[in-house]
Amino acid sequence: MRVTLQPSGAVLDVQPGEKILEAARRLGYECPHSCRNGNCHVCAAILVEGRILQEGEERDHGELYTCVAEPLEDCVLLWDGVLSLGELPVRAFTCQVSECTEVGGDVWRVRLRAPAGKPPRYHAGQYLLIEREGADKAAFSLASAPHGGRDLEMHILGREESAVKLLAQLQSEQLARVELPYGDAHLAELPDGPLVLIAAGTGMAQMHSLIEHCRAQGFKHPVHLYWGVRQPSDFYRIEHWDEWQRLPNLYLHRVVSDLCGWEGRCGLLHEAVREDLTDLSVVHVYASGSPAMVYATLDALVGAGMDAHQMRADVFAYAPR
Ligand code: FES
């Protein structure tokens, strides 16, 4: 029997006689539950369609307890709090500001330390929300990777007034309230093929997380990093850059859009990628930057033979075309 869960959209293949909670956990979903015998009601869901059997009683609507309910036919349930495969629960932390350092190009590397105990869980490439005084929460990519445990890193461009205020707040309070993880342009699982990472400006933070995660996991496929800025002075210092340069499978490309004649390449990021990579059929692409940059990259790479599904970017979720 198939049980479809809303709002997650997960579809469970439930074996005859199996309880719905049991099937969901067998299939790897994280579900709200506690007693598993029908007493605590933590596993409650609403039956939207279909019939179930619960403690000897047949039902075709209303609340049910998934730990003691089994489907009698295909069903649809409204069951909040179910996390799909690879999805991690969002949690809030009050962190200490352990570092706030200018690293060039008006960019600040901010490091936060979460409280001891349960460390934050996230996938490489995800982002956090940080509380600001007198303003909405702001999103920043995590530049750290999950193996960093309690230590979280962000790269903040301190040019706009809102960012300058946030940096001042972090420096004066030495505490930050954050929520994480968010975003689906992540590496919950390492791909079986080359990675192409395309970052504009502080979009580098997300790629930093992906590269550090690949390093920690011993990823062997080629990784191509394209990092673009307007002027050479906009490149900022990356702590592990020298180590990255020595990795045999990591290829670093710095591209400047507004100045030719510096020591490196000039032009647009997607043009540099197209020039270098002739076979895009097997690559996995991650892009971080403005919506204009991300969609220009998508169009250029799809025009060169890449399937759109091979590319991931947070922009696809927060600024859909
Ligand atoms: S887990 Fe307690 S009622 Fe289902």
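Just follow the structure's listing: the first ligand is 1, and inside any ligand the first atom is 1.
With sequence neighbours excluded, the residues satisfying side chain to side chain donor-acceptor pair (under 3.5 Å) with T101 are E99. Under the rule for a side chain to side chain donor-acceptor pair (under 3.5 Å), K165 has no partner lying at least two apart in sequence or in another chain.
Clustering of Ile, Leu, Val, Met, Phe, Trp and Tyr by side-chain heavy atoms under 4.5 Å joins M1 with none of the others.
Protein atoms that are N, O or S and lie under 2.8 Å from atom 4 (Fe) of ligand 1 are these: C43 SG, C67 SG.
For CD of Q171, the number of neighbouring non-hydrogen atoms (other residues, nucleotides, ligands) closer than 6.0 Å is greater than 12.
Between W227 and F235, the ring planes are perpendicular. Angles over 60° get that label, and only those under 30° would be called parallel.
Contact annotation: the side chain of L195 approaches that of F219 to within less than 4.5 Å [non-hydrogen atoms, C-beta and beyond].
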